[in-house]
Amino acid sequence: MTIFAMPVFDATVIYDGKELFKGRGAASMWAEKLASEIGSNVTVEKIGTGWALCGRVDDLDCKWGIHGQRLKRLD
């Protein structure tokens, strides 16, 4: 099962219309899972009052937040 189908039960915050992880610890745990899924390094970054996952896929810098209790790439 892909990580993108797993539910995210951690607390979230909404900042600038984006749903983000509330805590750095939860974001770091999901960053490790995402890194394993995409085969690339993933870090966490503070955005306003929340935390996003940041990495590189297909030579593009990407950020992920949450949408409907699933990880979603932020545009």
Side-chain angles (χ1 to χ4, degrees):
M1 176 190 336
T2 175
I3 187 173
F4 295 103
M6 296 172 61
V8 177
F9 292 114
D10 299 300
T12 63
V13 296
I14 304 294
Y15 180 78
D16 196 24
K18 296 174 176 74
E19 188 174 6
L20 305 169
F21 290 93
K22 185 174 184 177
R24 183 177 187 167
S28 295
M29 180 192 71
W30 280 95
E32 289 176 20
K33 292 179 182 185
L34 180 58
S36 177
E37 176 86 8
I38 65 173
S40 181
N41 188 39
V42 178
T43 60
V44 297
E45 179 181 309
K46 180 95 169 162
I47 297 178
T49 57
W51 294 87
L53 310 181
C54 302
R56 196 161 176 83
V57 176
D58 298 330
D59 294 325
L60 295 172
D61 291 327
C62 301
K63 292 184 183 182
W64 293 268
I66 303 165
H67 178 74
Q69 280 297 304
R70 304 287 187 264
L71 289 181
K72 179 186 179 210
R73 197 163 141 181
L74 302 173
D75 294 327

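Hydrophobic cluster membership is shared by V13 and L74, with clusters built from Ile, Leu, Val, Met, Phe, Trp and Tyr side chains linked at under 4.5 angstrom. Cluster membership for I3 and F21, using ILVMFWY side-chain heavy atoms within less than 4.5 angstrom, is shared. The hydrophobic cluster containing I47 does not contain I14, counting ILVMFWY residues as joined when their side-chain heavy atoms lie under 4.5 angstrom apart, directly or transitively. W51 and Y15 fall into different hydrophobic clusters, defined by Ile, Leu, Val, Met, Phe, Trp and Tyr side-chain heavy atoms under 4.5 Å apart, directly or through other members.
Residue R70 holds its CZ atom at 12.0 Å from CD of E19, rounded to the nearest 0.5 Å. Here the OG1-CZ distance, from T43 to R56, works out to 12.5 Å after rounding to the nearest 0.5 Å. A distance of 5.5 Å separates CG of L60 from SG of C62, quoted to the nearest 0.5 Å. Distance CG/L53 to CE/M29: 10.0 Å, rounded to 0.5 Å.
What you find for V42 and A31 is that their closest heavy atoms are CB-O, 3.6 Å.
At most 12 non-hydrogen atoms from other residues, nucleotides or ligands lie less than 6.0 angstrom from CZ of R24.
For the pair L71/K33, no side-chain contact is recorded, criterion being any heavy-atom separation below 4.5 Å from C-beta on. Side-chain contact between M6 and W30: present, with at least one pair of heavy atoms (C-beta onward) separated by less than 4.5 Å. Two residues are said to be in side-chain contact when any heavy atoms from C-beta on lie closer than 4.5 Å; F4 and W64 meet this criterion. Side-chain atoms of I66 and L20, non-hydrogen and from C-beta on, never get closer than 4.5 Å to each other.
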